[in-house]
Amino acid sequence: MTDRNQLREAFESHEHNTPDPSAVYARVQELSQKYKRRRRGAQIAAGGVLGAGLIAGAINLPAFLPANNAANNTAAGVPAAAPASPSADPEKQRDAQLEAYYDAGFGYDDAGRLAKIWKLSDDNRVAVKAEAGRRLLLGETLPIKPQPDAPVEEETTRPMDDARFTAFFNAGYTWTEAEKLAKIWKIADPSDAKLEAGKRLLAGQELPVKPTAEGVKEALTSKRVSKFFDTGYDVEDAVKLAKLWNLKDAWSAKVEGGKRLLAGQTLPIQP
């Protein structure tokens, strides 16, 4: 297995004073290079495909906490609920929370420690990071200090296996479908089911389980953004392209740029 299937655990500075999802995506892309096979399963279970959809899909933990007990919860080390803001963009709000978390120096292992302190699920560390970032944006101090992540033993993978995993995720499949396929094929480990599924997809075969429409959409977006960065373009280039194409933000320019690059087109600026 390879690091690209780790926390796929999701992205520039604020644009127009509003956090851009691309900032979090770029940061997660950089961090994900560290994580190898042993965290692939946990990441996929937590968020599915890395990309914009991953970040947009995590839950808003404060919604589960009683607002009238905010002060008591904070004192006890439990995340306090923030007043609802109907006008706020949930996606951008969550991106800002993750950015605040990383900017404060916290990482993957820190999220695990916070999950234990706050009695939250360790299976979704992205959600824990978002809650921590929310508290940081409110000016609160977290109950732990950031610490370097434990070193991860490097593991290699065969190019053929890498191609199979890529085919699986690019088709829009996630850990949920891998579990279903594992049961159908009587394979103990869903990760091995992903390999088998990728093998069949590369051979042009249809799988007995279909990916969701949302999964297909997110996979395509992730593929386009990856192509944008893999070609050598960066956040500043995305800002320039957004202005040239009259797009609303840099994230949209990355998606559009990747789409054109995959189609064999040349972008109006060089990386």
Exercise. Linking I/L/V/M/F/W/Y whenever their side-chain heavy atoms sit closer than 4.5 Å, directly or via other members, would Leu114 and Tyr102 fall into one cluster?
Worked result: yes
Problem set entry | Met160 reachable from Phe168 in the ILVMFWY side-chain graph, under 4.5 Å edges |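 No.
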Testing the basics here: between [X] and [Y], what is the closest heavy-atom pair and its distance to 0.1 Å?
X      : Y      : result
Gly172 : Pro211 : O-CB, 3.5 Å
Gly198 : Ala167 : O-CB, 4.1 Å
Pro190 : Ala178 : O-CB, 3.7 Å
Gly107 : Tyr101 : O-OH, 2.5 Å
Ser121 : Ala115 : O-CB, 4.2 Å
Ala253 : Ala238 : CB-O, 3.3 Å

Rounded to the nearest 0.5 Å, how far apart are [atom1] of [X] and [atom2] of [Y]?
X      : Y      : atom1 : atom2 : answer
Leu261 : Phe228 : CG    : CZ    : 8.0 Å
Asn170 : Phe165 : CG    : CZ    : 13.5 Å
Ile187 : Leu181 : CD1   : CG    : 8.0 Å
Glu179 : Glu177 : CD    : CD    : 9.5 Å
Thr166 : Arg164 : OG1   : CZ    : 12.0 Å
Glu236 : Leu241 : CD    : CG    : 12.0 Å

Exercise. What's the verdict on side chain to side chain contact (heavy atoms under 4.5 Å, CB included) for Trp185 and Asp192, showing C-alpha distance, side-chain angles and the deciding distance?
Worked result: CA-CA 10 Å; Trp185 293 332; Asp192 292 331; over 6 Å; no
Exercise. Donor-acceptor pair, Thr231 side chain versus Tyr233 backbone, under 3.5 Å?
Worked result: no
Problem set entry | Thr221 side chain vs Lys217 backbone, donor-acceptor pair below 3.5 Å | yes
Does [X] reach the side chain of [Y], with side-chain heavy atoms less than 4.5 Å apart?
X      : Y      : answer
Lys254 : Val235 : yes
Pro268 : Trp245 : yes
Arg125 : Asp109 : yes
Asp249 : Ser252 : yes
Asp110 : Arg113 : yes
Gln97  : Leu137 : yes
Pro271 : Asp234 : no
Val126 : Arg94  : yes

For this session: Could you tell me which residues satisfy side-chain contact (heavy atoms from CB on, under 4.5 Å) with Leu262, sequence neighbours excluded, listed by chain and number?
Result: Lys223, Arg224, Lys227
For this session: Identify the residue among Lys199, Arg200, Lys194 that makes a side chain to side chain donor-acceptor pair (under 3.5 Å) with Glu196.
Result: Arg200
Problem set entry | Selection residues 260-269 - residue pairs positive for side chain to side chain donor-acceptor pair (under 3.5 Å), sequence neighbours left out | Glu256-Arg260
For this session: Using the test salt bridge (Lys or Arg N to Asp or Glu O under 4.0 Å), find all partners of Lys210 that sit at least two apart in sequence or belong to another chain.
Result: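 For Lys210, the residues satisfying salt bridge (Lys or Arg N to Asp or Glu O under 4.0 Å) (neighbours in sequence not counted) are Glu206.
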Problem set entry | The single option from Leu207, Thr212, Val216 passing side chain to side chain contact (heavy atoms under 4.5 Å, CB included) against Tyr173 |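 Only one of Leu207, Thr212, Val216 forms a side chain to side chain contact (heavy atoms under 4.5 Å, CB included) with Tyr173, namely Leu207.
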